[in-house]
Amino acid sequence: MRVPLRTRLALLGGLLLALAAGLAIYLAQRPSAEAARGPIVIGLLQALSGPMARTEAPLVAVVKMATDEINASGGLLGRRVELKIEDTRGDPRVAAAAAERLISTDRAVALFGCWSSACRLAVKPVVETHRHLLFYPLAHEGMEQSRHIIYTGPTPNQQVLPAAAWALQGFGRRVYLVGTDGLYPRRVHAVLRDFIALGGGEVLGERFVPQAGTDMSAVIDDLQRLQPDVVLSTVSGLSNGAFFDALVAAALTDLPLLSFRAAEPEMQAFGGGRLDRHFTAWGYLQSQPGPANQAFLARLQRSQGQAAQASDPAVSAYVSVLLWAAAVREVGSAQTETVNANVLQQTVSAPQGFAAVDSRTRHLWRQLRIAQAQPGGQLSEVFLLPGHIRPEPWPAFRSQAHWKAALARADARP
C-alpha cells in the first residue's frame, strides 16, 4: 500500500527529531573533544634560586594566580590550564635548555617569563626555531622585534628616556650612570648617553658591577669625586641592597637617584626609602589608587599569602597570561601559531586600567609614573605622564643603522 506524501514527511520529521534528541543526549553525556585532550600546558621561565630569585618571585606568584583564576572560571575551551615552571637560576643557558624542554617534551603551547635581556636573547632562537610564542614582561633596551615574542614591558621611549628627561630637568644635567653588568644595562646606557648629550647634558662617569656584586667602593669613590647632579641606575637584584647600603654609609642619602630596576618589592626588601631623594619609573605602582588595582592586590594576597607583593614586571607578567587567554578564547583554539596571530588584536582589563597590544610592534601601549621611595619602601607617585605612550622599539631620534652600530660597540666594551 502506498503511504501518502504527507504521512511520509511527518514520519521523516519525527525520525529527525528523535535522532537530534539522541545526539544531544550523547554529546551532553560524553566529554568534549577539547576536554578529552587533557590540559593546556603553558610554561614559565623564572629564577626560583640564585641571586635573582627574590626579585623574580612576584612574577612567579602572579602567573600562578592568573592560571588559578582561569581554571576557577572553567578553564579554556573546556580544558584545565596546567602551568609548568622551570628554574632558570638566572642563567641564560639554563633558560634556553628549559624553553626547549617545555616546547619539545612538555608540549607547552606558550611560554612566559625571563628577567634579563640575556635570558630573552637566549630563548629567542628557541621559540623562533619552533615557531612558538614567548611573552616577555620586563623593560628592555629595544632595538628588537620578533614575530614570536610579545613584549609586555616598556621600551626606552616608554620608561628610561622620558624619566631621564624628567630627572635632568628637575635635578641638573651632570649625570652618573651605574648598572649591573649585562646586556640590558650596557645597551640602555648607550641609548641614554646619546639622549643625554642631545639634551645638553653630560655623562660624568659610568660603572658596571657584577651580577649580585656587593662591592660598591669604586662607585662611591666616583660619586664623591665627581659630585653629579643625579644618578641613573640600572642595577638589579641583590646588588640594589648593597648600593643603597653604600650610599647610606657614605652619607650620600641626599643625592638624587633614579632606579630603573627597583620597584616596590626591591625598595622594601633593600631599604630604598632610606635615601631622601630616591625615585623610580614604572607604568604600574602597587600603591596607585583605583578599584581594579585594589581588587587585584586582594586576590593576590588571598592566593599567594598576605606577604605577596606586586610590581610593574609582575603585573606585566599577569597581563601576559590574560592576553594569551583572551586570544585562545577568541579563536577557539590553543594552537600556538593561531594564537600568535590573534593576540596582536587583543586588549584586556588590567590592574593599571587596560593593556593593549600594538600590532605594529608587538609591544604594549603603556603609561609612565614616576614615584619617590618613602621611608618604609612604599612608592608615592610624584609625576604621571599624560596618556598612553606608543612603543618605539627603535628610538626615533637616531637611525636604525646608528643604533645597530651603538649596540655592537656596547656589547664589545670590556
Side-chain angles (χ1 to χ4, degrees), residues 47 51-52 54-56 90 92 114-121 138-144 153-156 158-164 167-168 171 174-197 201-223 226 228-247 252 255-263 266-267 270 272 275 278-282 311-313 373 395 403 406-414:
M52 293 302 296
R54 173 180 281 183
T55 295
E56 298 187 38
C114 277
W115 181 273
S116 69
S117 286
C119 175
R120 184 190 74 251
L121 291 174
L138 264 291
H140 72 107
E141 65 278 9
M143 280 76 79
E144 176 185 311
T155 53
Q158 296 174 311
Q159 185 201 26
V160 297
L161 298 183
L168 268 63
F171 303 116
R174 300 169 65 255
V175 182
Y176 184 86
L177 302 176
V178 60
T180 297
D181 198 4
L183 281 173
Y184 170 80
R186 286 183 175 275
R187 290 178 169 190
V188 84
H189 285 200
V191 176
L192 281 168
R193 281 179 168 276
D194 257 8
F195 183 77
I196 291 165
E202 179 185 6
V203 176
L204 302 180
E206 178 184 38
R207 290 262 180 197
F208 295 102
V209 299
Q211 184 169 323
T214 58
D215 183 2
M216 298 292 166
S217 57
V219 175
I220 297 301
D221 288 346
D222 284 349
L223 296 177
L226 297 170
D229 297 324
V230 62
V231 177
L232 304 183
S233 170
T234 55
V235 173
S236 64
L238 295 173
S239 296
N240 271 310
F243 185 34
F244 303 162
D245 289 344
L247 289 170
L252 292 173
L255 177 62
L257 169 64
L258 178 55
S259 292
F260 290 119
R261 300 296 261 191
E266 293 80 16
M267 292 294 188
F270 303 134
L275 308 177
H278 191 184
F279 301 87
T280 188
W282 298 103
S311 64
D312 186 288
W403 291 126
L407 290 190
R409 289 193 300 270
D411 292 348
R413 289 177 62 188

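Below, all heavy atoms of this structure are taken into account, side chains as well, without hydrogens, waters or symmetry copies. Numbering of residues begins at 1 and proceeds along the displayed sequence. Quick caveat: nothing in here was measured; it's all calculated off a predicted structure.
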Practice problem: Only one of V230, L232, V231 passes side chain to side chain contact (heavy atoms under 4.5 Å, CB included) with P228; say which it is. | Solution: V231

Exercise. Give, for atom OG1 of T155 and atom CE of M143, the distance between the pair rounded to the nearest 0.5 Å.
Key: 10.0 Å

Practice problem: Looking only at non-hydrogen atoms, find the nearest pair between S239 and P210 and report the distance. | Solution: OG-O, 3.7 Å

Exercise. Kindly indicate, with the supporting measurements, whether the criterion side-chain contact (heavy atoms from CB on, under 4.5 Å) is fulfilled by I196 and E202.
Key: CA-CA 6 Å; I196 291 165; E202 179 185 6; 5.8 Å; no

Quiz prompt | Interatomic distance, I220 atom CD1 to L247 atom CG [nearest 0.5 angstrom] | solution = 4.5 Å

Quiz item: What closest approach, in Å, do P92 and G90 show between heavy atoms, and which atom pair accounts for it?
Solution: CD-O, 3.7 Å

Quiz item: Got a second to check how far T234's OG1 is from L177's CG, nearest 0.5 Å?
Solution: 7.5 Å

Quiz prompt | Whether N240 side chain and V235 backbone form a donor-acceptor pair below 3.5 Å | solution = yes

Practice problem: Might you point out which heavy atoms bring P156 and P162 nearest each other, and give the distance in Å? | Solution: O-CD, 3.6 Å

Practice problem: Identify the two heavy atoms, one from A167 and one from L258, that lie closest to each other, and give their separation to 0.1 Å. | Solution: CB-CD2, 4.0 Å

Quiz prompt | Check: A373 main-chain N/O paired with H278 side-chain donor or acceptor under 3.5 Å | solution = no

Exercise. Working to the nearest 0.5 Å, report the span between CE of M216 and CG of D245.
Key: 9.5 Å

Quiz item: Got a donor-acceptor contact below 3.5 angstrom from the W282 side chain to the S311 backbone?
Solution: no

Practice problem: For residues A281 and A163, report the shortest heavy-atom separation together with the two atoms involved. | Solution: CB-CB, 3.6 Å

Exercise. Count the heavy atoms belonging to other residues, nucleotides or ligands that lie under 6.0 Å from CZ of R54, then report whether that count exceeds 12.
Key: no

Quiz prompt | Side-chain donor/acceptor of Q211 to backbone N/O of T180, under 3.5 Å | solution = no

Practice problem: Could you grab the distance from atom OG of S117 to atom CZ of R187, nearest 0.5 Å is fine? | Solution: 7.0 Å

Quiz item: Does any N or O in the side chain of R409 come within less than 3.5 Å of the main-chain N or O of A190, such that one atom is a donor and the other an acceptor?
Solution: no

Quiz item: Between the side chain of T280 and the main-chain N/O of S259, is any donor-acceptor distance below 3.5 Å?
Solution: yes

Exercise. Please determine which of Y176, F195, F208 meets the ring pair (Phe, Tyr, Trp, His ring centres under 6.0 Å) test together with H189.
Key: F208

Quiz item: Is there a donor-acceptor pair under 3.5 Å between the side chain of R261 and the backbone N or O of A139?
Solution: yes

Quiz item: For the atom pair CG (L138) and CD (E56), what is the distance rounded to the nearest 0.5 Å?
Solution: 7.5 Å

Exercise. State which residues pass ring-ring contact (aromatic ring centres under 6.0 Å, His included) with Y184; sequence neighbours excluded, sorted by chain then number.
Key: none

Practice problem: Run the numbers on W403 and V191 for side-chain contact (heavy atoms from CB on, under 4.5 Å), then give the verdict. | Solution: CA-CA 8 Å; W403 291 126; V191 176; 3.9 Å; yes

Quiz item: What are the two closest heavy atoms between S233 and L257, and how far apart are they?
Solution: CB-CD1, 3.8 Å

Self-check item: Listed partners of H140 passing ring-ring contact (aromatic ring centres under 6.0 Å, His included), at least two apart
Solution: Y151, H363

Exercise. Would you please classify the geometry between the F279 ring and the F171 ring as parallel, tilted or perpendicular, with 30° and 60° separating the classes?
Key: tilted

